[in-house]
Amino acid sequence: MMTTLEILQRAKAAAPALSAVSTEQKNEALRAMAESLLAHTDGILEENSKDMEDAKGRLSDAMMDRLLLNEERLSGMADGIRDVCELPDPVGHVLEEIRRPNGLVIQKVTVPMGVIAVIYESRPNVTSDVSALCLKSGSACILRTGRDAFRTANAIAEALKEALALVGLTPDLIQLIQDTSRESANELMQARDYVDLLIPRGGAGLIKNCVENATVNVIQTGTGICHVYVDGSADPEMAVNIVENAKASRPSVCNAEEVCLVHRDIAEEFLPALKQRLVDDRMAAGLTPVELRLDERAMKIIPGTAAGPDDFDTEFLDYILAVGIVDSAEEAIAHIAEHSTGHSESIVTGEPETAELFLRCVDSAAVYVNASTRFTDGGEFGLGCEIGISTQKMHARGPMGLEALTTYKYIIRGDGQCR
């Protein structure tokens with residue numbers, strides 16, 4: 001088993017060669033990676049079943065679903081790699097050209113980051129998504145997953161590395177850290193000589209640890225206390241549909257809704273319909289009901305659990321929804337400003353002016369009108385598979401596709417100029 005330092009060294013040594021690889025060669029490698037993933041379906045699913053068995057009793061049902069792979073999900077991962085083939089190569093674009101009076105021609109040109117490291121938790125698809133995006137954007141990648149998903153991630157990484165070798169590229173471009181202890185994560189955070197960019201994908205604790213302790217460049221991603229505000233002018237059926245999708249379609253992901261704010265003028269009509277859909281109907285269908293954690297005003301309208309002091313500041317990643325009543329769109333906007341993590345927020349409204357107010361004043365990476373927050377995703381945005389969703393404002397914000405994985409340098413051409 002290679003040490004973390006040896007893995008860092010191999011990735012660093014492999015990265016420069018990608019600068020000379022053509023777009024077609026990269027696309028050929030990506031196609032081979034997709035095929036290899038499918039060719040190794042049985043082995044990958046076998047390893048995933050071992051991870052699932054070990055995780056029983058330790059992970060919630062929602063987190064178990066996030067860890068689970070099946071043929072359909074694996075096929076979707078392969079499709080995600082193929083989608084990256086169809087995207088323009090982000091490397092080598094001239095962003096700006098300046099011609100100076102002395103004859104110098106100065107170009108600002110996109111170039112690869114070099115080595116990109118990603119620390120992530122029990123989401124197997126991240127392994128293939130990151131590998132594909134890094135390859136297309138010209139960077140080597142270092143992957144560090146948690147122990148819950150290690151067997152699955154390792155099987156996926158080995159399949160992808162096999163594909164690289166088949167098309168004549170070094171498998172060292174894709175590296176999976178073999179040590180799942182906290183020490184290896186700390187090594188990555190401190191690897192300034194080897195890592196050009198670190199992206200943590202996981203819960204608030206992981207992201208906080210990276211932001212506070214890393215000496216390498218970090219992009220803050222992922223934590224999603226996402227809100228849906230149901231305005232007084234909203235269509236109640238549309239609102240219930242959007243909230244149901246945002247909360248219950250896949251609660252373990254960062255773009256799932258955690259807080260529903262309801263205007264007082266529609267609360268008497270909307271809240272009973274919401275409880276019927278998220279609690280009663282799901283129970284009748286044998287599905288996990290959503291636990292509604294209600295503020296004092298909502299408790300007077302429907303039964304549920306009284307919201308605690310932290311419920312409007314918690315990323316549940318589970319079948320739990322904090323619900324509160326507000327008196328105006330302005331109050332909803334103020335609540336979001338105080339409690340949001342800057343990921344995704346949505347308003348359901350029939351008033352264009354209120355929608356525009358919400359769009360202008362809510363300062364999150366993705367702001368929706370009459371749509372579910374679950375669309376905050378690289379694939380849904382047409383970016384191909386994503387490497388993460390940035391909740392910061394520097395360099396990249398929102399779903400991070402290929403362009404977010406490049407930097408730039410200045411290229412200056414002259415004919416003998418001296419200063």
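None of the values given here were measured: they were computed from a predicted structure.
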Thr127 side, atom OG1; Leu160 side, atom CG - distance, nearest 0.5 Å: 8.0 Å

Check: Val115 main-chain N/O paired with Asp196 side-chain donor or acceptor under 3.5 Å: yes

Nearest-0.5 Å distance that lies between atom CG in Leu8 and atom CG in Asp193: 10.0 Å

Backbone N/O of Gly92 and side chain of Thr110: donor-acceptor pair under 3.5 Å: yes

Basic-acidic side-chain contact under 4.0 Å: Asp65, Arg250: yes

Charged N-O contact under 4.0 Å between Glu35 and Arg82: yes

Full working for side chain to side chain contact (heavy atoms under 4.5 Å, CB included) between Val130 and Leu143: CA-CA 8 Å; Val130 169; Leu143 306 159; 3.5 Å; yes

Backbone N/O of Leu173 and side chain of Thr170: donor-acceptor pair under 3.5 Å: no

Atom pair CE/CD1 of Met77 and Ile44 - distance to nearest 0.5 Å: 6.5 Å

Pair Lys161 + Glu158, salt bridge at N-O below 4.0 Å: no

Carboxylate-amine/guanidinium proximity below 4.0 Å for Arg151 and Asp54: yes

Lys/Arg-Asp/Glu bridge criterion (N-O < 4.0 Å) met for Glu53, Lys56: yes

Distance, nearest 0.5 Å, that separates CG of Leu197 from CD1 of Ile219: 4.5 Å

Criterion side-chain hydrogen bond (donor to acceptor under 3.5 Å, both in side chains) on Ser184 and Thr4, from CA distance to verdict: CA-CA 7 Å; Ser184 69; Thr4 300; 5.0 Å; no

Main-chain N/O of Thr349 paired to Asn370 side chain as donor or acceptor, under 3.5 Å: yes

Pair Asp148 + Lys50, salt bridge at N-O below 4.0 Å: no

Residues Glu258, Lys247: salt bridge by 4.0 Å N-O rule: yes

Student check: side-chain heavy atoms of Pro124 and Ile156 closer than 4.5 Å: yes

Counterpart residues, side chain to side chain contact (heavy atoms under 4.5 Å, CB included), relative to Arg293 (two or more places apart): Glu291, Thr305, Ala307, Asp311, Phe316, Ile320

More than 12 heavy atoms from other groups under 6.0 Å of CZ on Arg73: yes

Exceeds 12 heavy-atom contacts within 6.0 angstrom, atom CD of Gln190: yes

Heavy atoms from other residues, nucleotides or ligands near CD of Glu237 exceed 12 (cutoff 6.0 Å): no

CA sep, side-chain torsions, deciding dist, call: Leu357, Glu330, side chain to side chain contact (heavy atoms under 4.5 Å, CB included): CA-CA 9 Å; Leu357 176 70; Glu330 289 81 1; 3.5 Å; yes

Step-by-step side-chain hydrogen bond (donor to acceptor under 3.5 Å, both in side chains) determination, Lys208 to Asn213: CA-CA 8 Å; Lys208 183 174 184 288; Asn213 297 309; over 6 Å; no

Ser49 OG to Glu47 CD distance, which is reported to the nearest 0.5 Å: 7.5 Å

Step-by-step ring-ring contact (aromatic ring centres under 6.0 Å, His included) determination, Tyr408 to His93: CA-CA 9 Å; Tyr408 59 81; His93 293 179; over 10 Å; no

Neighbour count above 12 (heavy atom, 6.0 Å) for Met283 CE: no

Glu24: partners by salt bridge (charged side-chain N to carboxylate O under 4.0 Å, His left out), with sequence neighbours left out: Arg31

Check: Lys108 side chain, Glu96 main-chain N or O, donor-acceptor pair, under 3.5 Å: no

Aromatic ring proximity His227/His339, centre distance under 6.0 Å: no

Any donor-acceptor pair under 3.5 Å from Ser390 side chain to Ala396 backbone: yes

Heavy atoms of other groups near Lys300 NZ, more than 12 under 6.0 Å: no

Under 3.5 Å: donor-acceptor pair, side chain of Ser364, backbone of Ala366: no

Evaluation steps, side-chain hydrogen bond (donor to acceptor under 3.5 Å, both in side chains), between Ser75 and Glu72: CA-CA 5 Å; Ser75 178; Glu72 181 181 1; over 6 Å; no

Heavy-atom donor-acceptor pair, Asp295 side chain to Ala298 backbone, under 3.5 Å: yes

Asp377 side-chain N/O to Glu380 backbone N/O, donor-acceptor pair under 3.5 Å: yes

Side-chain H-bond candidate by donor/acceptor type, Arg374 with Ser249, under 3.5 Å: yes

Side-chain donor or acceptor of Asp172 paired with backbone N/O of Ala11 under 3.5 Å: no

CZ (Arg58) with more than 12 external heavy atoms under 6.0 Å: yes

Side chain to side chain, Pro200 and Val218, heavy atoms closer than 4.5 Å: yes

Ignoring hydrogens and angles, write down the donor-acceptor pairs under 3.5 Å from the side chains of residues 263-274, residues two or more places apart or on other chains.
residue	atom	partner	partner atom	Å
His263	ND1	Asp265	N	3.0
His263	NE2	Asp327	O	3.2

Salt-bridge criterion met for Arg144 and Asp179 (N-O under 4.0 Å): no

CG/Asp61: more than 12 non-hydrogen atoms of other groups inside 6.0 Å: no

Donor-acceptor pair between Ser344 and Thr376 side chains, under 3.5 angstrom: yes

Distance in Å, Ser346 OG paired with Ile242 CD1, rounded so as to fall on 0.5 Å steps: 5.5 Å

cation_pi(Lys12, Tyr194) dist<6.0 Å, angle<=45: no

Derivation and outcome, side chain to side chain contact (heavy atoms under 4.5 Å, CB included), residues Val109 and Leu95: CA-CA 6 Å; Val109 181; Leu95 302 175; over 6 Å; no

Aromatic plane relationship, Phe375 with Tyr368 - under 30° parallel, 30 to 60° tilted, over 60° perpendicular: tilted

Greater than 12 external heavy atoms within 6.0 Å of Gln25's CD: yes

Donor-acceptor pair between Thr373 and Glu257 side chains, under 3.5 angstrom: no

Side chain to side chain contact (heavy atoms under 4.5 Å, CB included) partner of Leu321, chosen from Leu278, Val259, Val228, Leu294: Leu278

Criterion side chain to side chain contact (heavy atoms under 4.5 Å, CB included) on Gln178 and Phe150, from CA distance to verdict: CA-CA 8 Å; Gln178 299 296 298; Phe150 177 77; 3.5 Å; yes

